[in-house]
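What you see is a predicted model, and the numbers here were worked out from it, not measured in a lab.
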Amino acid sequence: YQSRPLADIIIPMNKLSSNVMARQLLLCVAAKQMGAPATPAKGTQAINLWLTQNDMRWPGFVLGNGSGLSREARISARQLGDLLMHVYRSPTMLEFAASLPIVGIDGTVRKRLKNEDIQGRAQLKTGTLNGTRAIAGFMYSRSGKAYAVAVLQNEPGVQLGVGSKVQDALLKWVYE
């Protein structure tokens with residue numbers, strides 16, 4: 001079966017933060033790169049191979065289940081920032097950026113920074129688990145300069161609102 005183009009698939013996955021779609025994408029990568037049957041382990045192997053081929057050797061990185069909705073997943077803000085910079089310089093940057101929710105406009109960040117100068121000037125993916133809060137993506141400052149941003153917070157209760165306030169303050173600072 002021939003699927004729709006990847007760019008068409010990642011838009012609803014990222015805009016709506018579909019963990020099921022993300023896991024399925026990992027399994028598709030596994031089958032394509034490592035052969036059927038697809039398994040999470042083969043997906044992890046394929047991703048680790050791609051990272052190595054692209055000079056991203058990341059100590060401590062653990063993919064987990066492919067969706068980020070995992071207590072086993074491990075990535076540093078620096079590693080995530082390096083990945084975003086790699087994407088920013090790639091020929092598929094526009095397709096990837098189009099899949100990210102636009103702050104104050106759509107997806108998981110539609111209610112964030114609404115009616116502020118920064119609205120519409122950042123494309124960001126969020127993540128939340130009990131005791132964690134994350135946001136990462138691309139944003140454009142008031143002067144038009146592009147930035148990759150990655151904020152990972154781990155603290156009991158951070159997902160209850162304080163984490164978003166800290167993230168929003170940082171985003172406003174980068175925007176200015």
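Between L152 and A134, the shortest heavy-atom contact is CD2-CB, 3.6 Å. Heavy-atom minimum distance, S67 versus R23: CB-N, 4.5 Å. Closest approach of G64 and S70 over heavy atoms only: CA-OG, 4.0 Å. When all heavy atoms are compared, the tightest approach of P59 to Q79 is O-NE2, 3.1 Å. Nearest approach of T52 to R57, heavy atoms of both residues: O-NH2, 3.7 Å. Closest non-hydrogen pair, G120 versus I102, comes out as CA-CG2, 3.5 Å.
To the nearest 0.5 Å, the span separating CG on D117 from OG on S141 amounts to 12.0 Å. Here the CG atom belonging to L80 is positioned 11.0 Å from the NZ atom belonging to K125, to the nearest 0.5 angstrom. In this structure, L129 CG and Q159 CD are separated by 8.5 Å, a value rounded to the nearest 0.5 Å. The CE atom of M93 lies 9.5 Å from the CE atom of M85; values are rounded to the nearest 0.5 Å. For the atom pair CG (L27) and CE (M34), the distance works out to 13.5 Å, reported to the nearest 0.5 Å. Distance CD1/I75 to CG/L83: 6.5 Å, rounded to 0.5 Å.
Hydrophobic cluster membership differs between Y147 and Y140, with clusters built from Ile, Leu, Val, Met, Phe, Trp and Tyr side chains linked at under 4.5 angstrom. One hydrophobic cluster, built from ILVMFWY side chains closer than 4.5 Å, holds both L170 and I135. Linking Ile, Leu, Val, Met, Phe, Trp and Tyr whenever their side-chain heavy atoms come within less than 4.5 Å leaves V20 and I10 in two separate clusters. In terms of hydrophobic clustering, with Ile, Leu, Val, Met, Phe, Trp and Tyr side chains grouped at heavy-atom distances under 4.5 Å, V158 and V151 are assigned to different clusters. Note on L16: it does not cluster hydrophobically with M13, by side-chain heavy-atom contacts below 4.5 Å among ILVMFWY residues.
Within the structure, salt bridge (charged side-chain N to carboxylate O under 4.0 Å, His left out) contacts touching residues 166-176 (residues at least two apart or in different chains) are R112-D168, E116-K172, R142-E176.
Using cut-offs of 30° and 60° on the angle between ring planes, the pair F138 and Y88 is tilted.
By the 4.5 Å heavy-atom criterion applied to side chains, N130 and R71 are counted as neighbours. At least one side-chain heavy atom of F61 sits less than 4.5 Å from a side-chain heavy atom of L51. Counting heavy atoms from C-beta on, the side chains of R133 and S164 come closer than 4.5 Å. For the pair Y175 and V103, the minimum side-chain heavy-atom distance is 4.5 Å or more. A heavy-atom distance below 4.5 Å is not found between the side chains of W58 and R78. For the pair L6 and L25, the minimum side-chain heavy-atom distance is below 4.5 Å. Contact check for L124 versus L171: side-chain heavy atoms found under the 4.5 Å cut-off. Side-chain contact between L26 and I47 is present, with heavy atoms from C-beta onward closer than 4.5 Å.
Checked by atom type and distance alone, the side chain of K114 never pairs as donor or acceptor with a backbone atom of I105 at under 3.5 Å. Between the Q123 side chain and the A97 main chain, a donor and an acceptor come within less than 3.5 Å of each other. For the pair Q33 (side chain) and A46 (backbone), a donor-acceptor distance under 3.5 Å is absent.
In the model, T126 has a side-chain atom that pairs as donor or acceptor with a side-chain atom of T108 under 3.5 Å.
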Any chance you could lay out the side chain to side chain donor-acceptor pair (under 3.5 Å) test for Q153 and Q167, step after step, and finish with the verdict?
CA-CA 9 Å; Q153 299 161 290; Q167 292 172 0; 2.8 Å; yes
